[in-house]
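What follows is a short report on a single structure.
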Amino acid sequence: MTIKVGDRVPNGSFKHITSEGMGEISTDELFGGKKVVLFSLPGAFTPTCSAKHLPGFVQQAGDLRGKGVDTIACMSVNDAFVMDAWGKDQSVGDSVLMLADGNGEFAKALGLDFDASGFGMGTRAQRFAMIVDDGTVTTLNVEEPGAFEVSSAEAMLAAL
């Protein structure tokens, strides 16, 4: 079953690199009492993800925060080291929290995973963006396969 507007995000956790090394953040820590824009993409260092999706959120971070967003988080089915390296490559700094859903467990719990085995990528998360207010999904924009139209930073700004 796919998550929908009005649903609570499922319990789970993500890995990420901190100044102390490998860290973990639970969904309660990420979403509890906050307004969060979580966007997901099929893979770090992939063409659309690197050229458009992540850079848009980095560029629009100030405007998103100006509309009351506490955290902007990027999720992908990659490991935390890859997400950290990609964040550095993209000059993310503190603008976007880079989260690894390494085994795709959170994507699956959302019902937003897909089989990319045909591309040699295994199970991945679909391209989507959502606004989560204190753990409840208030906006959910899921892309059609191969598209990049509704999950951009601009689309999230328009939804706020």
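Counting begins at 1 with the first residue of the sequence. Side chains are part of it too, since the values below use all heavy atoms of this structure and drop only hydrogens, waters and symmetry mates.
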With sequence neighbours excluded, what pairs up with [X] under the side-chain contact (heavy atoms from CB on, under 4.5 Å) test?
X    : value
A85  : F45
S26  : D28, E29
P10  : I3, F106, A109, L110
T139 : I131, N141, M156, A159

> Taking atom NZ of K34 as the centre, does the number of heavy atoms from other residues, nucleotides or ligands within less than 6.0 Å exceed 12?
Replying inline: yes
Are side-chain heavy atoms of [X] and [Y] found at a separation under 4.5 Å?
X   : Y    : result
V58 : Q90  : no
S40 : R127 : no
F31 : L38  : yes

>> Listing request: all side-chain hydrogen bond (donor to acceptor under 3.5 Å, both in side chains) pairs with a residue in residues 64-76, at least two apart in sequence or in separate chains.
In response: S76-N78
> Which residue pairs satisfy the salt bridge (charged side-chain N to carboxylate O under 4.0 Å, His left out) criterion with at least one member in residues 72-85, sequence neighbours excluded?
Replying inline: D84-K88
Quick one: side chain to side chain donor-acceptor pair (under 3.5 Å) partners of [X], sequence neighbours excluded?
X    : result
K35  : none
E143 : S151
S50  : W86
T136 : R8

Would you compute the distance between atom [atom1] of [X] and atom [atom2] of [Y] and round it to the nearest 0.5 angstrom?
X    : Y    : atom1 : atom2 : value
I25  : K15  : CD1   : NZ    : 12.0 Å
E24  : F14  : CD    : CZ    : 10.5 Å
H16  : C74  : NE2   : SG    : 13.5 Å
E149 : E144 : CD    : CD    : 8.5 Å
Q60  : D63  : CD    : CG    : 5.0 Å

>> Connecting only ILVMFWY residues whose side-chain heavy atoms lie within less than 4.5 Å of each other, what is the rest of F81's hydrophobic cluster?
In response: I17, M22
>> For F39, give me all partners under ring pair (Phe, Tyr, Trp, His ring centres under 6.0 Å), at least two apart in sequence or on another chain.
In response: H53, F57
State plainly whether one hydrophobic cluster holds both [X] and [Y], where clusters connect Ile, Leu, Val, Met, Phe, Trp and Tyr through side-chain heavy atoms under 4.5 angstrom apart.
X    : Y    : answer
V92  : M83  : yes
L54  : V69  : yes
L97  : I72  : no
V9   : L140 : yes
V137 : L99  : yes

>> Which heavy atom of Q126 sits nearest to which heavy atom of G111, and what is that distance?
In response: NE2-O, 4.1 Å
